[in-house]
Number of protein chains: 2
Amino acid sequence: MTSQLRSEHSLQADTAFLLARANAHSLTAANAALAPLGLRVRSFSVLALAVDEGRLSQRDIAEYLRLDPSQVVALVDDLQERHLVTREPDPTDRRAKVVIATGAGRKLHEEAAEATRRALDAMLGGLQAEERAVLRALLTRLAFPA
Amino acid sequence: MTSQLRSEHSLQADTAFLLARANAHSLTAANAALAPLGLRVRSFSVLALAVDEGRLSQRDIAEYLRLDPSQVVALVDDLQERHLVTREPDPTDRRAKVVIATGAGRKLHEEAAEATRRALDAMLGGLQAEERAVLRALLTRLAFPA
DNA sequence: TATTGTTATACTCTATAACTATA
DNA sequence: TATAGTTATAGAGTATAACAATA
């Protein structure tokens, strides 16, 4: 790659481009870290929500992860076949199914969370703790616009 | 969506997740802004590099955009068929082809850059100028690790 | 031997429409 | 009439291997 690739290009000043490239790095690292556990970023994300206490429906999960509800079906199917989550009926709405992690699911999630944390840490290695906090705060506002 | 989706979840503290969600918003907005011009984010990015003075080869473009060289072939094919770019032989390496924007390509790029700028502006609406600069600086370091 | 562009192929992700059962 | 989950399908994006021309 020529040295010009690190500067002088209009895309370099484009926040959307930087966001895409940073995300691509992050995705690659996270998927590599999760592969030995049989997970990918998306299945890990669903598992993480199932571990939390929110008792989320598939619809909730779809909205939170910006996925189509039909995609969540396949992700939950996979996790359920591996006995990592169960679909429980929502007592207040018989249409809805709440996704809950099993004991095995919680255990795997712990390992997976640690693996992704290490991968992210390596990627953020050049940033001070305060810079990381600022980045997280700014990204939160972009990720969840008012 | 329940109110719990805005907080209390482990993913909420995960910078990689925030990066992915912010990027998804950004991609959706940019693709929508580019659609009337017959471009998508990836073809726009290739066009933008062709407009710059770097005289980049397809290999350079692939590396910069984190694409496989074989994907750049298809993107350049499309732009070339629409007479927005040309492939010029590199005098210093007969294997390589330099991708250069035509006059029409430059004109369309100008419109497209303005459209994406507006879309990004809407997305960053909640951020002050200084916050935007900080975000851009931090993302640059993640996008182009030393 | 290694690299550039290319073709081919398979897999993942994204987007949409339609169906069923419930609300 | 609208919503939750599901099925199906097509298009976009990602990843890999192999080949010809050239370095």
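Here the structure is a predicted model, which is why all the values come from computation and not from measurement. Protein chains get the first letters and strands the later ones, always in sequence-line order, with residue 1 at the start of each.
- In this structure, R55(A) contributes its side chain and V98(A) its backbone to no donor-acceptor pair below 3.5 Å.
- With 3.5 Å as the limit, one finds no donor-acceptor pair spanning the side chains of S57(B) and R95(B).
- For Q58(B) and dT3(C), the CD to C1' distance is 14 Å, given to the nearest whole Å.
- Using a 4.0 Å cut-off between charged nitrogen and carboxylate oxygen, R87(B) and D77(B) count as a salt-bridge pair.
- A salt bridge between E110(B) and K107(B) is absent, with no side-chain N of the basic residue lying under 4.0 Å from a carboxylate O of the acidic one.
- Counting any heavy atom pair closer than 4.0 Å across all strands shown, R59(B) reaches a base atom.
- The aromatic rings of F17(B) and F144(A) sit tilted, their planes meeting at an angle between 30° and 60°.
- Contact check on D121(A) versus R132(A) returns a salt bridge, with a Lys/Arg side-chain nitrogen under 4.0 Å from an Asp/Glu carboxylate oxygen.
- Taking every heavy atom of residues 65-78 of chain B and every atom of DNA chain C, pairs under 4.0 Å involve P69(B), S70(B), V73(B), by number.
- Regarding contacts with the backbone of dT3(C), every side-chain N or O of R95(B) stays at 4.0 angstrom or more from both OP1 and OP2.
- What separates CG of D93(B) from P of dT3(C) is a distance of 12 Å, to the nearest Å.
- Across the protein-nucleic acid pair, D90(A) atom CG and dT22(C) atom C1' stand 12 Å apart, rounded to whole Å.
- Residues S26(A) and N23(A) bring no donor and acceptor atom of their side chains to less than 3.5 Å of each other.
- Mapping heavy-atom proximity under 4.0 Å, the span of DNA chain D touched by chain B runs 5' to 3' from dA12(D) to dA23(D).
- If you check residues 30-47 of chain B against DNA chain C, you find no residue with a heavy atom closer than 4.0 Å.
- Between R59(A) and E63(A), the closest side-chain pair of non-hydrogen atoms is not below 4.5 Å.
- Rounded to whole angstrom, the span from the CD1 atom of I61(B) across to the P atom of dT6(C) amounts to 11 Å.
- Contact annotation: the side chain of D90(B) never approaches that of K97(B) to less than 4.5 Å [non-hydrogen atoms, C-beta and beyond].
- The backbone N or O of L47(A) sits nowhere less than 3.5 Å from a side-chain atom of H109(A) that would complete a donor-acceptor pair.
- With V85(B) as the partner, the side-chain contact (heavy atoms from CB on, under 4.5 Å) test is satisfied by one option alone out of T102(B), V76(B), I100(B): V76(B).
- One can place CG of L56(B) at 15 Å from C1' of dT4(C), the figure rounded to the nearest angstrom.
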